[in-house]
Amino acid sequence: MSAGLTLDTYRLLGRSGLRISPLSLGTMTFGADWGWGADKDEARKIFDTYVERGGNFIDTASQYTNGTSEQLLGEFTADNRESLVLATKYTMLRRPGDPNSGGNHRKSMFASVEASLRRLNTDYIDMLYLHAWDFLTPVEEILRAMDDLVRAGKVLYVGISDAPAWQVSRMQAIADLRGWSPLIALQIEYSLIERTVERDLIPMAREMGLGVIPWSPLASGVLTGKYSSADLAHNAEASPEGSRKNVAAANGSLTARGLAIADVVKAVAAQLGKTPSQVALAWTLRNPGVTAPIIGARTAAQLEDNLGALDVEFDAEQVARLEQASAVDLGFPHEFLARPMAQSVTFGDLKVRGRN
């Protein structure tokens with residue numbers, strides 16, 4: 001990453017011509033329904049700050065804050081809808097007790113999209129993501145339904161979130177062979193605390209033409225440095241409601257390992273004269289496979305701080321410290337194929353340079 005990026009330093013999303021900002025505005029914080037989000041006035045300040053700085057890529061989902069997030073965006077985007085790229089997601093259960101009101105299948109997808117269109121007060125969705133893999137729906141059903149929505153003009157582009165790499169690559173190959181709308185974006189958790197996606201998901205996305213959109217680049221706030229070992233006793237419930245600490249613990253970010261990584265982030269931030277949030281976000285932007293991390297601020301001041309990540313520039317020693325503290329084992333076959341023996345029997349004395 002070169003220092004001096006701005007929100008209007010637009011990037012292409014995957015193998016498309018769609019131009020998006022290098023940081024996406026996440027709106028899971030829009031609405032106080034879950035107990036920790038921003039009220040309407042603060043959400044409006046966050047939205048206006050982002051757009052006024054040149055930001056155009058806004059992320060939500062069908063059931064974020066029980067639908068309030070989409071409703072607020074429908075109001076906020078009334079005057080500039082055409083200049084924004086609105087992304088939403090389907091999958092989450094919309095009616096408890098109704099087995100077909102959630103999941104990846106066609107009925108869930110079409111009903112969710114219609115509800116999102118009403119809440120967003122728009123005729124079309126720029127980017128529709130499958131939100132989470134349900135391990136039940138055939139991939140052909142998903143892809144054909146997505147393509148039907150694109151052909152109907154209700155959705156312009158499609159992507160996928162929180163799914164196995166082998167399924168995503170298989171889906172992309174099927175879409176290509178059948179002439180269906182390709183997936184252009186992959187949304188996954190990625191941060192200094194969650195780097196296991198470097199094993200297969202990020203390399204797969206680069207090979208198959210999907211732009212990577214990391215969620216929770218601050219690891220549910222753990223990388224901001226606001227938690228300590230005293231917070232490890234927190235009993236988390238598997239729910240987004242209650243508090244941000246609850247979300248951090250439920251997501252597995254608030255652990256002794258996570259706090260140790262956060263300490264290194266704070267040390268590097270002190271060296272640079274930056275905040276820990278800016279350092280953690282800037283680190284994700286260094287990965288050439290990443291297109292636009294999602295920032296989910298609860299206040300306009302937090303957003304301003306996050307945007308400072310665009311000006312961070314590391315030296316080699318600082319990168320090494322961050323990556324050593326957060327390193328993960330890539331596992332088989334990656335570790336095996338990188339060993340001298342495997343390289344020797346594959347290439348002998350040849351010197352072959354890869355594409356990346």
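Predicted model, so just to flag it, every value in this text is computed and none were measured. Only heavy atoms go into these numbers, but all of them, side chains included; no hydrogens, no water, no symmetry mates.
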Are [X] and [Y] packed together at the side-chain level, in the sense that at least one heavy-atom pair is separated by less than 4.5 angstrom?
| X | Y | result |
| --- | --- | --- |
| S191 | L223 | yes |
| Y227 | L259 | yes |
| I213 | I294 | yes |
| R44 | E75 | no |
| F30 | L25 | yes |
| H334 | E198 | no |
| S83 | N80 | yes |
| F47 | L84 | yes |

Would you find more than 12 non-hydrogen atoms of other residues, nucleotides or ligands less than 6.0 Å from [X] atom [atom1]?
| X | atom1 | answer |
| --- | --- | --- |
| D123 | CG | no |
| E317 | CD | yes |
| R15 | CZ | yes |
| D79 | CG | no |

Report whether [X] and [Y] are members of the same hydrophobic cluster (ILVMFWY, side-chain heavy atoms less than 4.5 Å apart, transitive linking).
| X | Y | answer |
| --- | --- | --- |
| V319 | V265 | yes |
| L86 | M92 | no |
| I142 | F135 | yes |
| L186 | V150 | yes |
| M204 | L177 | no |

Does R81 qualify as a cation-pi partner of Y124, given the criterion of NZ or CZ under 6.0 Å from the six-membered ring centre and within 45 degrees of its axis?
yes

Flag, side chain of [X] to backbone of [Y], donor-acceptor distance under 3.5 Å:
| X | Y | result |
| --- | --- | --- |
| Y50 | L23 | yes |
| Q318 | D315 | yes |
| T91 | H131 | yes |
| S24 | F57 | yes |
| T65 | D33 | no |
| T9 | T6 | yes |
| E335 | L330 | yes |
| T77 | L73 | yes |
| E207 | G209 | no |
| D134 | G103 | no |

Quick one: [atom1] on [X] to [atom2] on [Y], what's the gap to the nearest 0.5 Å?
| X | Y | atom1 | atom2 | result |
| --- | --- | --- | --- | --- |
| L13 | I20 | CG | CD1 | 4.5 Å |
| T291 | L18 | OG1 | CG | 10.5 Å |
| R298 | Q302 | CZ | CD | 5.0 Å |
| F110 | M146 | CZ | CE | 11.0 Å |
| I125 | L117 | CD1 | CG | 4.5 Å |
| D148 | S181 | CG | OG | 9.0 Å |

S69 and side chain to side chain donor-acceptor pair (under 3.5 Å): which partner among T60, T29, D59, T88?
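So the option named by the test is T60.
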
According to the interplanar angle, ranging from 0 to 90°, do the rings of W283 and Y190 count as parallel (below 30°), tilted (30 to 60°) or perpendicular (above 60°)?
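Rings of W283 and Y190: tilted, 30 to 60°.
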
In terms of ring plane angle, is the pair Y64 and W34 parallel, tilted or perpendicular, where the classes change at 30° and 60°?
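Y64 vs W34 ring planes: perpendicular.
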
Which one of R178, M171, Q172 satisfies the side-chain contact (heavy atoms from CB on, under 4.5 Å) criterion with I174?
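For I174, the side-chain contact (heavy atoms from CB on, under 4.5 Å) check succeeds only for R178.
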
Sort out for me which residue in I46, L218, L281 forms a side-chain contact (heavy atoms from CB on, under 4.5 Å) with I295.
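Per the side-chain contact (heavy atoms from CB on, under 4.5 Å) rule, the option paired with I295 is L281, out of I46, L218, L281.
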
Residues R195, S326; criterion side chain to side chain donor-acceptor pair (under 3.5 Å); working and verdict
CA-CA 8 Å; R195 292 183 59 188; S326 61; 2.9 Å; yes

Chi angles and distances behind the side-chain contact (heavy atoms from CB on, under 4.5 Å) call for Q278, N306:
CA-CA 6 Å; Q278 291 166 351; N306 288 173; over 6 Å; no

Any pair counted as salt bridge (Lys or Arg N to Asp or Glu O under 4.0 Å), so long as it reaches residues 108-120, sequence neighbours left out
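Sorted pair list: E70-R119, E114-K154.
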
Y129 and W215: aromatic ring centres closer than 6.0 Å?
no

Could you give me the CA-CA distance, side-chain angles and deciding distance for R106 and M109, then say whether side-chain contact (heavy atoms from CB on, under 4.5 Å) is met?
CA-CA 5 Å; R106 176 184 283 264; M109 184 192 303; 5.6 Å; no

Identify the heavy atoms of [X] and [Y] that sit nearest to each other, and give their distance.
| X | Y | result |
| --- | --- | --- |
| Y157 | V155 | O-CG1, 3.2 Å |
| A300 | E42 | N-OE2, 2.8 Å |
| I202 | G289 | CG2-CA, 4.3 Å |
| A205 | V212 | CB-CG2, 3.6 Å |

Looking just at side-chain N and O atoms, do T196 and E194 make a donor-acceptor pair shorter than 3.5 Å?
yes

Do we see a donor-acceptor contact under 3.5 Å between the side chains of T68 and N66?
no

Would you mind checking if R151 and D147 are paired as a salt bridge, meaning a charged N to carboxylate O distance below 4.0 Å?
yes

Applying side-chain contact (heavy atoms from CB on, under 4.5 Å), run through R19 and R11 and close with a yes or a no.
CA-CA 5 Å; R19 289 90 160 173; R11 298 173 164 191; over 6 Å; no

Report the C-alpha distance between E304 and K45 in whole Å, list the side-chain angles of each, state the deciding distance to 0.1 Å, and finish with yes or no for salt bridge (charged side-chain N to carboxylate O under 4.0 Å, His left out).
CA-CA 11 Å; E304 288 282 6; K45 291 177 186 176; over 6 Å; no

Under the side-chain contact (heavy atoms from CB on, under 4.5 Å) criterion, do V168 and L183 qualify, and how do the steps go?
CA-CA 9 Å; V168 179; L183 304 168; 4.2 Å; yes

Who else is in F336's hydrophobic cluster (ILVMFWY, side-chain heavy atoms under 4.5 Å, direct or via others)?
F332, L337, M341

